Amino acid sequence: MGADTAAELLAEGKRLVAEIDALAAGPKRLAAYLRLQDVVERAESALQEERS
């Protein structure tokens, strides 16, 4: 994965939240939630790098 900025990750996270909200419970919703968890972790890392 490329070096994402916190702003890019925030936008991706917001998009995933909307996608999760629109999905019924099931495997697609779980997959979207797992992608959101990954985005949050990448955002935390990007923020730490931007603050250093």
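Please read these numbers as outputs of a predicted model, since none were measured by experiment.
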Distance (rounded to the nearest 0.5 Å) between Arg15 CZ and Arg35 CZ: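 Output value for this atom pair is 6.0 Å.
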Starting at CG of Leu16, measure out to CD of Gln37 and round the result to the nearest 0.5 Å.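 Leu16 atom CG to Gln37 atom CD measures 11.5 Å (nearest 0.5 Å).
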Minimum-distance pair of heavy atoms, taken over all atoms of Arg29 and Ala24: CB-O, 3.5 Å
Locate the shortest heavy-atom distance separating Ala6 from Glu50; write the atom from each residue and the value. N-OE2, 3.1 Å
Shared hydrophobic cluster for [X] and [Y] (ILVMFWY, side-chain gaps under 4.5 Å):
{"X": "Val40", "Y": "Leu47", "answer": "no"}
{"X": "Leu36", "Y": "Leu9", "answer": "yes"}
{"X": "Tyr33", "Y": "Val39", "answer": "yes"}

Under 3.5 Å donor-acceptor, Ser45 side chain and Glu41 backbone: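 Such a contact is absent between Ser45 side chain and Glu41 backbone.
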